[in-house]
J.: 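Supplied in structure tokens, the structure appears directly below.
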Amino acid sequence: MKLSQRAKNLEPSVTLAAAAKAKALKAQGRDILSLTVGEPDFDTPENIQQAAIAAIKSGKASFYTPSAGIPELCQAVTDYLKRNYGLTYDTKQVIVTDGAKFALYALFQAILDADDEVIIPLPYWVSYGEQVKLAQGKPVFVEGKPENHLKVTVEQLEAVYSPKTKAIIINSPSNPTGMIYTKEELQAIGEWAVAKDILIVADDIYGNLVYNGNHFTPITTISEAIRKQTIIVNGVSKTYSMTGWRIGFAVGDEEIIQAMIDIASQSTSNPTAASQYAAVEALVGPQDSAEKMRQAFEERLNKLYPLVAAIPGVELSKPQGAFYLFPNVKGTMDLCGYSDINDFVEALLEEAGVALVTGAGFGAPEHLRISYAADWETLEKAVARIHSFVENKQRK
Ligand code: PMP
Ligand code: GLU
């Protein structure tokens with residue numbers, strides 16, 4: 001059977017592939033420390049687990065739900081946006097999805113025609129470009145420069161704008177860089193997008209994971225005009241340690257959301273019912289467990305950052321949010337005699353027993369991504385192994 005061109009052109013997720021490879025090696029008995037996938041290493045908080053169990057026991061979780069999600073969760077999402085950011089939305093402007101990943105997928109399916117362009121700041125999260133391509137669109141990458149902490153500017157956006165430009169993705173705090181756009185930067189980008197009539201896709205999934213006094217500004221809070229031009233994408237995976245439950249959501253223009261609901265009705269039908277009841281508890285229940293996890297990430301970042309920055313040849317600004325370090329390791333590779341990041345990452349896996357993700361999948365092949373969503377013992381050991389690996393290679 002011949003595969004479709006679409007399937008043949010697809011680049012599978014490098015983050016999930018690296019994690020799967022590390023898991024398979026571990027299962028063979030190899031001593032591998034995996035800092036690959038970005039998922040919190042904590043149990044989902046007890047109150048959230050109990051909400052799912054109660055939904056199952058009461059029979060509520062046995063059935064299909066509306067394709068938009070259960071009304072209680074749509075309401076919990078609008079209440080959350082009101083409570084945390086003062087944003088007012090109607091529940092008709094909400095779709096609950098199978099993870100934020102499917103919210104993005106359905107969104108691109110809903111808004112893109114063939115060859116429509118989506119501006120994607122680089123480095124980018126691995127799925128954006130592929131999802132745009134699956135919707136027959138064209139990703140247009142704009143490279144954030146090191147002097148601007150890998151963030152893009154309006155001048156750069158203006159340079160790639162074309163009449164085909166349909167949307168721009170803003171992911172702040174960023175996966176993979178952990179950097180946050182300031183209010184002023186977002187205002188400039190937002191006003192530019194409004195003037196050009198380009199949809200803003202605000203991937204706010206790391207918005208609660210900010211550290212050391214840094215502040216996350218949702219682009220939707222800057223002005224009413226920008227809010228109207230924006231679709232918010234978010235979910236419970238990262239804040240509440242619920243990656244396996246697969247609940248995300250999108251909020252914004254009712255017509256776009258309705259198109260996404262129709263797409264869901266013909267593809268997933270609805271996200272898992274029990275997970276939706278759990279997500280209601282996550283959003284409206286006590287927030288202390290989420291805050292404890294945030295503090296744990298902050299502590300890890302503060303201890304890990306100097307250790308990674310001290311690896312010979314590494315260039316790294318301290319991230320402000322999310323749970324990744326994204327060092328430029330060009331200098332390190334030079335010292336060790338590697339010219340290709342994939343070879344370097346492969347050698348770290350095979351010789352040092354540390355699994356990481358290459359920056360190539362994020363459009364930045366001089367970088368590697370270290371996820372610190374792992375316990376401190378693993379993180380400390382892994383960085384010590386990377387450091388000795390580099391020192392040994394340097395000596396040779
Ligand atoms: N956006 C970004 C930037 C992410 O890192 C992730 C992580 N997988 C997602 C969206 C999707 O998250 P999920 O599907 O688990 O909600
Ligand atoms: N967003 C996470 C990561 O970047 C999860 C993996 C994925 O969905 O690609 O590692």
Side-chain angles (χ1 to χ4, degrees), residues 14-15 18-19 22 31-41 123 125 144 146-147 149-151 173-180 206 209-212 214 238 294-338 340-395:
V14 291
T15 50
D31 172 19
I32 302 289
L33 303 171
S34 177
L35 308 184
T36 51
V37 75
E39 64 177 343
D41 52 311
W125 178 47
E147 55 276 19
H149 298 294
L150 307 177
K151 294 184 281 188
S174 151
N175 175 6
T177 69
M179 289 302 168
I180 300 177
Y206 295 101
L209 296 172
V210 297
Y211 314 118
N212 300 312
N214 284 295
K238 316 288 173 174
R294 189 201 65 78
Q295 285 170 7
F297 289 129
E298 181 175 73
E299 202 177 301
R300 290 173 190 175
L301 167 66
N302 291 341
K303 291 201 290 190
L304 188 68
Y305 170 73
L307 300 181
V308 173
I311 295 170
V314 157
E315 271 178 44
L316 179 65
S317 311
K318 189 170 180 178
Q320 302 162 314
F323 32 59
Y324 309 104
L325 299 179
F326 198 61
N328 184 314
V329 291
K330 168 87 172 62
T332 317
M333 290 200 293
D334 287 347
L335 291 172
C336 299
Y338 291 93
D340 182 327
I341 190 73
N342 296 312
D343 296 341
F344 185 57
V345 165
E346 186 64 23
L348 283 167
L349 179 64
E350 289 302 327
E351 297 174 40
V354 181
L356 301 166
V357 186
T358 97
F362 302 84
E366 290 183 352
H367 292 250
L368 50 80
R369 196 189 72 168
I370 301 172
S371 163
Y372 56 89
D375 62 88
W376 177 247
E377 199 191 329
T378 303
L379 290 168
E380 193 178 28
K381 233 175 139 184
V383 176
R385 284 189 191 180
I386 301 169
H387 203 128
S388 341
F389 170 90
V390 172
E391 288 192 334
N392 288 338
K393 290 278 171 186
Q394 256 182 293
R395 269 189 233 116

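Side chains included, hydrogens not; waters and symmetry mates left out as well; all remaining heavy atoms used. Throughout, residue positions are numbered sequentially from 1 according to the sequence presented. Remember, predicted model here, so these are calculated numbers, not experimental data.
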J.: Of all the heavy-atom pairs spanning Lys238 and Gly38, show the shortest one and how long it is.
T.: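 For Lys238 and Gly38, the tightest heavy-atom pair comes out as NZ-O, 2.9 Å.
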J.: Measure the OG-CG distance between Ser34 and Leu349 for me, rounded to the nearest 0.5 Å.
T.: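 It is 9.0 Å, given to the nearest 0.5 Å.
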J.: Could you check whether any side-chain heavy atom of Phe344 comes within less than 4.5 Å of a side-chain heavy atom of Phe389, counting everything from C-beta outward?
T.: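 Side-chain contact under 4.5 Å: yes.
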J.: Quick one: pull up CG in Asn392 and NE2 in His387 and give me the separation to the nearest 0.5 Å.
T.: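 Here the rounded value is 10.5 Å.
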J.: Check this for me, if you would: do Asp31 and Arg385 make a salt bridge, where the nitrogen-to-carboxylate-oxygen distance has to be below 4.0 angstrom?
T.: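 Between Arg385 and Asp31 there is a salt bridge, with a charged N closer than 4.0 Å to a carboxylate O.
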J.: Do Leu368 and Val357 make a side-chain contact, defined as non-hydrogen atoms from C-beta onward lying under 4.5 Å apart?
T.: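 SC-SC contact between Leu368 and Val357 ruled out.
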J.: CG of Asn214 to CE of Met179: how many Å apart, nearest 0.5 Å?
T.: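 Output value for this atom pair is 9.0 Å.
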J.: If every non-hydrogen atom of Phe362 is compared with every non-hydrogen atom of Thr15, which pair is closest and at what distance?
T.: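 Minimum heavy-atom separation between Phe362 and Thr15: CZ-CG2, 3.7 Å.
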J.: Are the side chains of Ile341 and Val329 in contact, using a 4.5 Å heavy-atom criterion?
T.: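 Yes, at least one pair of side-chain atoms sits under 4.5 Å.
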J.: Please tell me if the side chains of Ser174 and Trp125 come closer than 4.5 Å, counting only heavy atoms from C-beta onward.
T.: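 Of all side-chain heavy-atom pairs linking Trp125 with Ser174, none is under 4.5 Å.
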J.: Between Lys393 and Glu351, is the closest basic N to carboxylate O distance under 4.0 Å?
T.: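 The answer is yes: the pair qualifies as a salt bridge.
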J.: Does Lys330, at its NZ atom, have more than 12 non-hydrogen atoms belonging to other residues, nucleotides or ligands within less than 6.0 Å?
T.: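 No - once you tally the heavy atoms of other residues, nucleotides and ligands closer than 6.0 Å, there are 12 at most.
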J.: Arg300 vs Asp41, test: salt bridge (charged side-chain N to carboxylate O under 4.0 Å, His left out). Steps then yes/no.
T.: CA-CA 12 Å; Arg300 290 173 190 175; Asp41 52 311; 3.1 Å; yes
J.: With a 4.5 Å heavy-atom cut-off, do Glu315 and Pro146 have their side chains touching?
T.: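 No, every pair of side-chain atoms sits at 4.5 Å or beyond.
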J.: So which heavy atom on Leu379 is nearest to which on Ala374, and how close?
T.: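 Closest heavy-atom pair between Leu379 and Ala374: CD1-O, 3.3 Å.
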J.: Any side-chain heavy-atom pair from Pro365 and Thr358 closer than 4.5 angstrom?
T.: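 A side-chain contact is absent here, since even the closest heavy-atom pair is not under 4.5 Å.
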J.: Please name the pair of heavy atoms, one in Tyr211 and one in Ala322, separated by the smallest distance, quoted to 0.1 Å.
T.: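 Heavy atoms only, the tightest pair is OH-O, 2.7 Å.
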J.: Determine whether Ile311 and Ile386 satisfy the following criterion, side chain to side chain contact (heavy atoms under 4.5 Å, CB included), listing intermediate values before the conclusion.
T.: CA-CA 8 Å; Ile311 295 170; Ile386 301 169; 3.9 Å; yes
J.: Which atom names give the shortest non-hydrogen contact between Ile32 and Ala355, and what distance separates them?
T.: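 Scanning both residues, the minimum pair turns out to be CG2-CB, 4.1 Å.
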J.: Between NE2 of His367 and CG of Leu356, what distance do you get to the nearest 0.5 Å?
T.: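 Separation between the atoms: 14.5 Å.
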J.: Mind checking the OG1-CZ spacing from Thr177 to Phe326? Nearest 0.5 Å is all I need.
T.: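 The distance works out to 8.0 Å.
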J.: What is the minimum heavy-atom distance between Gly361 and Val14, and which atoms define it?
T.: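 It is CA-CG2, 3.8 Å.
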J.: Would you give the length of the straight line joining atom CG of Leu209 to atom CG of Leu301, rounded to the nearest 0.5 angstrom?
T.: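 If I round to the nearest 0.5 Å, the distance is 11.5 Å.
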J.: Given side chains that start at C-beta, do those of Ser371 and Thr36 come closer than 4.5 Å, heavy atoms only?
T.: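 Not touching, per the 4.5 Å side-chain cut-off.
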J.: Could you check if a side-chain atom of Pro123 sits within less than 4.5 angstrom of a side-chain atom of Leu150, using non-hydrogen atoms only?
T.: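 In short, these two side chains touch, coming nearer than 4.5 Å.
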J.: What do you reckon, are the aromatic ring centroids of Tyr206 and Tyr324 less than 6.0 Å apart?
T.: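 Centroid distance Tyr206-Tyr324: below 6.0 Å, so yes.
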J.: Let's go through Tyr372 and Leu35 carefully: what are the C-alpha distance in whole Å and the side-chain angles of both, what is the deciding distance for side chain to side chain contact (heavy atoms under 4.5 Å, CB included) to 0.1 Å, and is it a yes or a no?
T.: CA-CA 7 Å; Tyr372 56 89; Leu35 308 184; over 6 Å; no
